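For reference, the structure is listed below as structure tokens.
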There are 2 protein chains.
Amino acid sequence: MNVGRRVDYAVRALSYLAGMPPGKIVSRVDIEEKQDIPSYYLSKIMKDLVAGGLVQSHIGSKGGFSLARPAATISIKEVYETVERPMALMECLDKGENYCSYCPVCNQISVWDKAQTLLANYLAKVSIGDIAAQHGLRERLSALDN
Amino acid sequence: MNVGRRVDYAVRALSYLAGMPPGKIVSRVDIEEKQDIPSYYLSKIMKDLVAGGLVQSHIGSKGGFSLARPAATISIKEVYETVERPMALMECLDKGENYCSYCPVCNQISVWDKAQTLLANYLAKVSIGDIAAQHGLRERLSALDN
DNA sequence: CTGAATATAGACCTAATAGGTCTATTTTGT
DNA sequence: ACAAAATAGACCTATTAGGTCTATATTCAG
């Protein structure tokens with residue numbers, strides 16, 4: 001039920017990039033230092049973000065990373081699923097009906113399914129752009145209330 | 001981000017008890033067999049449920065377990081927190097502001113906070129009684145939509 | 001009173017995972 | 001040519017999830 005560092009770090013890195021002038025290329029080490037992320041660790045996360053098309057990488061001297069898309073189009077849900085795995089509160093929700101023999105008669109599963117949908121819908125509505133913008137996030141979140 | 005067996009098994013055990021005639025005492029082994037829960041494992045879970053006041057235990061021959069409260073008053077959120085820990089999507093939401101030095105300026109945290117509240121509110125509205133009742137659960141869940 | 005059935009408490013084990021660190025290689029700007 | 005960077009992947013360690021077992025105390029039925 002908890003989210004883990006990979007996602008935390010990914011969100012921080014992406015927000016940091018989002019706060020840069022458009023097109024600015026930032027090195028891994030710079031992101032790690034400014035965002036208080038353990039040395040080296042980010043390299044694995046950035047690899048996923050590049051592979052997922054959220055971030056563009058630039059090899060070589062003066063290389064680094066920049067956002068591959070506008071920050072407003074990158075949802076937290078997408079970030080989560082890019083660096084981790086599909087969001088699923090229970091394994092059967094991910095692995096399908098025949099994962100557990102009780103699935104066909106399981107009442108429990110519809111509850112977790114609903115909870116998961118609630119969560120996913122919300123997280124799909126919040127973007128890296130929202131997080132990067134310093135002002136009024138809490139207010140904008142409240143507006144999402146229903 | 002996922003819920004784990006302890007909660008799964010706890011919900012199954014409680015629902016099973018809820019489906020029994022009121023006051024009926026059911027042994028651990030019986031629950032394990034009928035609900036397809038690994039032998040012995042349930043003993044640790046039931047201990048928590050007893051300690052949490054959700055279940056009443058009866059030691060000795062012909063002993064076993066029964067619900068300590070009406071099934072309709074036992075929410076899934078409560079079950080979760082009884083057999084696991086307080087629901088928290090990120091550690092700082094649980095351990096407080098000084099867990100991470102970035103907390104005071106962290107925009108991310110308000111997003112997870114909101115997500116967590118959404119989840120908790122929903123799970124607090126669904127009861128073991130809802131799950132135990134065989135009919136119309138999905139319909140009743142839909143009614144919770146907003 | 002005795003024995004069987006039960007919860008209780010806690011030890012124990014194993015595999016997987018999270019989180020982190022490091023190094024060799026390739027690419028590229030200056 | 002050199003330095004700075006990403007890339008790829010090996011490696012390590014502590015924790016946790018999930019499960020199994022056993023010794024003990026309690027209680028009911030005969």
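The chains referred to below are lettered A, B, ... by the order of the sequence lines, with proteins before strands, and numbering in each begins at 1. Quick caveat, the model's predicted, so the values are computed rather than measured.
Of the two residues near DNA chain D, B:Lys62 and B:Ser39, the one whose nearest nucleotide lies more 5' is B:Ser39. Residues B:Lys44 and B:Gly64 each lie close to DNA chain C; by heavy-atom proximity, the contact nearer the 5' end of the strand is made by B:Gly64.
Straight-line distance from the CG atom of B:Asn2 to the P atom of D:dA17: 10 Å, rounded to whole Å. As rounded to whole Å, 13 Å separates atom C1' of C:dG20 from atom CG of A:Leu42. Atom pair B:Asp48:CG and D:dG18:P shows a separation of 14 Å (rounding to whole Å applied). Rounded to an integer number of Å, the gap from CG of A:Asp30 to P of D:dA4 is 15 Å. With rounding to whole Å, B:Glu32 atom CD is found 11 Å from D:dT20 atom C1'. Nucleotide C:dT27 holds its C1' atom 13 Å from the CZ atom of A:Phe65, rounded to whole Å. B:Ile45 has its CD1 atom 12 Å from the P atom of D:dA17, to the nearest Å. The distance from atom OH of A:Tyr40 to atom C1' of D:dT13 is 18 Å, rounded to the nearest whole Å.
As judged by a 4.0 angstrom heavy-atom cut-off over every strand, A:Gly63 is placed among residues touching the sugar-phosphate backbone only.
Taking the side chain as every heavy atom from C-beta outward, A:Met20 and A:Ser66 never approach each other to under 4.5 Å. For the pair B:Leu42 and B:Gln35, the minimum side-chain heavy-atom distance is 4.5 Å or more. Counting only heavy atoms from C-beta outward, the side chains of B:Val55 and B:Leu67 approach each other to under 4.5 Å.
Here the nucleotide nearest the side chain of B:Lys47, chosen from D:dT20, C:dG19, C:dA9, is C:dA9. Checking C:dG29, C:dG20, C:dC22 against every side-chain atom of A:Ser43, the shortest atom distance belongs to C:dC22. Of the candidates C:dA7, D:dT7, D:dA17, the closest approach to any side-chain atom of B:Ser27 belongs to C:dA7. Minimum atom distance to the side chain of B:Tyr41 is reached by D:dG19, of the listed D:dG19, C:dG20, D:dC28.
The phosphate of D:dT7 has OP1 or OP2 within less than 4.0 Å of a side-chain N or O from A:Ser57. An OP1 or OP2 oxygen of D:dA17 is reached within less than 4.0 angstrom by a side-chain nitrogen or oxygen of B:Arg85. Contact check, B:Tyr9 against D:dG19: a side-chain N or O comes under 4.0 Å of OP1 or OP2.
A distance of 10.0 Å separates CG of A:Asn2 from CG of B:Leu93, quoted to the nearest 0.5 Å. Distance check, rounded to the nearest 0.5 Å: OH of B:Tyr41 to CZ of B:Arg5 gives 9.0 Å.
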